[in-house]
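A, B, ... follow the sequence lines: proteins, then strands. Residue 1 opens every chain. Given the structure is predicted, the values throughout are model-derived calculations rather than measurements.
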Amino acid sequence: MEKITVIKGFKDILPEDTPNWCRVESIARLVFSSYGFREIRVPIMEKTELFKRSIGETTDIVEKEMYTFCDRDEELLTLRPEATASVIRAYIEHNMFSAEQVTRLFTLGPMFRRERPQKGRFRQFHQIDVELFGDDKPQSDVEVILMLVHFLESCGLTQLALEINSLGCKACRPAFSKAVVDYLKGSEKELCPDCQRRMITNPLRVFDCKVESCISIIAHAPRILDYLCTGCEDHFAAVKSYLNDLHVKYEVNSAMVRGLDYYVRTAFEVKSGALGAQNSLAGGGRYDGLVSDLGGPDVAGIGFGIGFERLLTCLPDLEKSKYRTDLFIAALGQRAQKIGFMLACQLRRAGITAAMDYSDKSLKSQMKRADKLNSSYTLIFGDKEIDEKRLELRNMNTKNQQVLPLDNLLDSIINIIKER
RNA sequence: GUGGGUGUAGCUCAGUUGGUUAGAGUGCCGGGUUGUGGCCCCGGAGGCCGAGGGUUCAAAUCCCUUCACUCACCCCA
């Protein structure tokens, strides 16, 4: 019989790893809550239209990476490639804007993009996603960036590289795009084929190219920061000033452009050297105008996403989770097995991790099992102990053994274990 | 979608210029005198050498095809 395997680019998260996931999740909840962010959970599927309108029809994500299928009633549905669109949809749908001026939300869960998998990139991957609606002041940019840094540091990450940039707005970006195209036309033939194509489709993407010759051409290209309108310039200056005051280290990377069409003004990214080619650990930016594009009120927005798997690969002290057992019951013989089983069931109901072997194996073998399960204590008994009503309780660390009376056995074990 | 690398035991990997019954470490199970774990010693189970085809007296080894994994490009978290 042929084995059925997981889908390419999808991963099982095994028991030895799940505690690490839980740990990071609880740090996120803790840190975000102190900034006033509340958790929202949105579906992993949406109508395809939602992503087309938010992310942009001509982006790679929408053009070739989405898992889209036709439902039985002919409706086009898509497994979410990112969370922002869904959160905005929910924000609008539940009229959250009328409940409060500023809304702070976060969510976490799986995202889906049909790319070729490689290090730090999977078809199902997980993101922690943060969104702040209803405030266009630079302080909210700073708050969100600071929270991101705070969170990553709380996870134990060091040597983070924060890069920020301003992408301009609807008013000033078109002029910049044109200037870039004009500049590139001069040396069009020296550009790599990809960049020649980008010139037409999405000129700003040329800044992302890693080809040696393109990099040297782009080094002298116009900089977005020289084309910002007064509003964008003031906004960006304020963001930088606050970050300086807060001693948040960052680099301005005027070549940083982001792959989702909706970003305006502040864009930021956190990179790590531990990741390989896909070195972007978290990224986000401002998206004023997107909420109204999706049918909501004209409110500002800013947010970011953190790659969960990428974050985990950056963590320095990742440990595989081991077994941990309070009490192992080594029962010898049929009578002992029966008593032991009843005891195990009762202990578990009392919240104590109790384990035993249901087949009547040799004591040596049961002791080995107890050791493997990292048990703190092992209760040892057979016919002799039952007849004498005196059971042996071995402390596995000290090797001391004490005698426990069969009467009130449950309570005395609970007391001993809870005292530790 | 395009390249490169790798596929041998549950896991990590050896395997010579093609040559007997394919190995090690680790893990798993059992044993080392009656009922006491970790260390040590002994034994056992576990492989269609990724799959299919070809060359040859003979293929894990050489050739072709294919699949999977992986890294990189594209792009992004």
Side-chain angles (χ1 to χ4, degrees), chain A residues 2-3 5-9 11 14 16 55 58-65 81-84 108-130 148 152 192-195 197-198 201-202 205 208-211 256-260 263 268-272 275-285 303-314 320 325 328 330-333 336 357 359-385 392-397 399-401:
Chain A
E2 202 171 314
K3 273 194 290 190
T5 57
V6 268
I7 304 169
K8 183 200 279 285
K11 294 274 182 264
L14 299 175
E16 58 191 26
I55 298 169
T58 62
T59 56
D60 280 16
I61 294 178
V62 171
E63 271 184 346
K64 49 190 190 190
E65 294 174 2
E82 56 115 39
T84 301
L108 44 86
M111 309 294 157
F112 305 84
R113 292 182 201 172
R114 202 183 181 293
E115 303 174 85
R116 265 300 261 283
Q118 72 186 76
K119 188 177 173 70
R121 188 170 65 193
F122 315 104
R123 290 183 174 184
Q124 177 180 330
F125 61 102
H126 296 73
Q127 277 189 356
I128 303 174
D129 186 77
V130 167
L148 171 60
L152 294 174
C192 70
D194 281 330
C195 283
R197 177 176 53 80
R198 287 182 187 121
T201 57
N202 198 342
R205 294 236 63 87
D208 264 353
C209 191
K210 283 152 191 159
V211 176
M256 181 178 70
V257 289
R258 302 198 47 82
L260 291 80
Y263 286 119
F268 54 95
E269 216 169 295
V270 174
K271 293 181 178 174
S272 166
L275 285 172
Q278 308 304 317
N279 62 356
S280 176
L281 178 62
F304 63 79
I306 304 170
F308 208 112
E309 287 85 352
R310 291 186 187 179
L311 171 55
L312 286 178
T313 61
C314 289
K320 301 285 184 190
T325 306
F328 188 88
L332 304 157
D357 203 324
S359 51
D360 187 18
K361 291 191 180 173
S362 73
L363 180 58
K364 175 172 181 161
S365 151
Q366 295 196 52
M367 290 302 290
K368 281 188 175 175
R369 172 66 43 203
D371 187 53
K372 203 142 285 162
L373 296 176
N374 278 316
S375 71
S376 307
Y377 291 93
T378 302
L379 185 69
I380 303 166
F381 64 105
D383 288 335
K384 176 169 145 264
E385 285 77 10
E392 300 270 352
L393 184 71
R394 180 179 177 87
N395 181 318
M396 296 298 278
N397 295 321
K399 296 185 179 181
N400 286 337
Q401 264 175 231

Handout entry: Under 3.5 Å: donor-acceptor pair, side chain of A/Gln366, backbone of A/Ala331
Key = yes
Handout entry: Pairwise P distance for B/A59 and B/G53, with rounding to whole Å
Key = 13 Å
Problem - A/Asn374 (side chain) donor-acceptor with A/Thr325 (main chain) under 3.5 angstrom - result: no
Handout entry: Whole-Å C1' distance, B/U12 and B/G27
Key = 11 Å
Exercise for the section: In whole angstrom, give me the gap between the P atoms of B/C13 and B/U33. Expected result: 38 Å
Exercise for the section: Please state whether the base of B/C74 and the side chain of A/Gln118 form at least one donor-acceptor pair under 3.5 Å? Expected result: yes
Exercise for the section: Nearest whole angstrom, please: distance from the C1' of B/A77 to the CZ of A/Phe122. Expected result: 11 Å
Exercise for the section: Examine distances only and state if a side-chain atom of A/Glu115 and a backbone atom of A/Glu65 form a donor-acceptor pair shorter than 3.5 Å. Expected result: no
Got a list of protein N/O to nucleotides 46-50 of chain B N/O distances below 3.5 Å?
none

Practice task
Check whether any side-chain nitrogen or oxygen of A/Gln278 sits under 4.0 Å from OP1 or OP2 of B/C73, and answer yes or no.
Solution key: yes
Practice task
Check whether any side-chain heavy atom of A/His126 sits under 4.5 Å from a side-chain heavy atom of A/Glu309, and report yes or no.
Solution key: yes
Practice task
Apply side chain to side chain contact (heavy atoms under 4.5 Å, CB included) to A/Phe328 and A/Met367, showing your working.
Solution key: CA-CA 9 Å; A/Phe328 188 88; A/Met367 290 302 290; over 6 Å; no
Exercise for the section: Determine, answering yes or no, if A/Phe125 is stacked on B/A77 under the 5.5 Å centre rule and the 30° plane rule. Expected result: yes
Fill in the blank from the handout: To the nearest angstrom, the CG-P distance between A/Asn279 and B/C73 comes to 10 Å
Exercise for the section: Whole angstrom is fine here: how far is it from CD in A/Gln366 over to P in B/C29? Expected result: 13 Å
Exercise for the section: Give A/Gly284 one of three labels, base, sugar-phosphate or nothing, depending on what nucleic acid heavy atoms sit under 4.0 Å from its own. Expected result: nothing
Problem - Interatomic distance where CD belongs to A/Glu63 and P belongs to B/C75 [whole Å] - result: 12 Å
Problem - Distance in angstrom units between A/Lys8 NZ and B/U70 P, rounded - result: 8 Å
Problem - Euclidean distance for C1', B/A45 against B/G30 (whole angstrom) - result: 10 Å
Problem - Nearest-0.5 Å distance, CG of residue A/Asp371 to CE of residue A/Met396 - result: 5.5 Å
Problem - Interatomic distance where CD1 belongs to A/Ile7 and P belongs to B/C67 [whole Å] - result: 18 Å
Exercise for the section: Go along nucleotides 31-41 of chain B 5' to 3' and tag each nucleotide: B for a protein heavy atom under 4.0 Å from its base, S when only backbone or sugar atoms are that close, - otherwise. Expected result: SB--BBBB---
Exercise for the section: Figure out the CZ/P separation between A/Arg121 and B/C69, and round it to whole Å. Expected result: 15 Å
Practice task
Keeping the roles fixed (side chain from A/Ser362, backbone from A/Ser365), state whether a donor-acceptor pair exists under 3.5 Å.
Solution key: yes
Problem - B/U26 and B/C41, which share atom name P, separated by this distance in whole Å - result: 9 Å
Problem - Same-atom distance (P) from B/A77 to B/C40, integer angstrom - result: 50 Å
Handout entry: Interatomic distance at P, B/U8 relative to B/G1, whole Å
Key = 25 Å
Handout entry: Pair assignment for RNA chain B - dot-bracket with | for other-strand partners, Watson-Crick or G-U under 3.5 Å
Key = (((((((..((((.....[...)))).(((((.......))))).....(((((..]....))))))))))))....
Exercise for the section: Taking side-chain hydrogen bond (donor to acceptor under 3.5 Å, both in side chains) as the test, write out the residues that go with A/Arg394, two or more places apart. Expected result: A/Gln401
Exercise for the section: Identify whether any heavy atom of A/Lys320 sits under 4.0 Å from a base atom; if not, whether one sits that close to sugar-phosphate; answer base, sugar-phosphate or nothing. Expected result: nothing
Problem - Whole-Å distance separating the NZ atom of A/Lys119 from the C1' atom of B/A77 - result: 15 Å
Exercise for the section: Sticking with atom C1', work out how far B/C49 lies from B/A9, rounded to a whole angstrom. Expected result: 11 Å
Practice task
Mind checking A/Lys271 for me? I need base, sugar-phosphate or nothing, with any heavy atom below 4.0 Å counting as a touch.
Solution key: nothing
Fill in the blank from the handout: Sorted by position of nearest nucleotide on RNA chain B, 5' first, the leading residue of A/Arg123 and A/Lys64 is A/Lys64
Completion exercise
Contacts of A/Phe308 meeting ring pair (Phe, Tyr, Trp, His ring centres under 6.0 Å) (sequence neighbours excluded), chain-then-number -> A/Trp21
Listing time: all N or O pairs from protein to nucleotides 2-11 of chain B that are below 3.5 Å?
residue, atom, partner, partner atom, Å
B/U2, O4, A/Arg116, NH1, 2.9
B/U2, O4, A/Arg116, NH2, 3.4

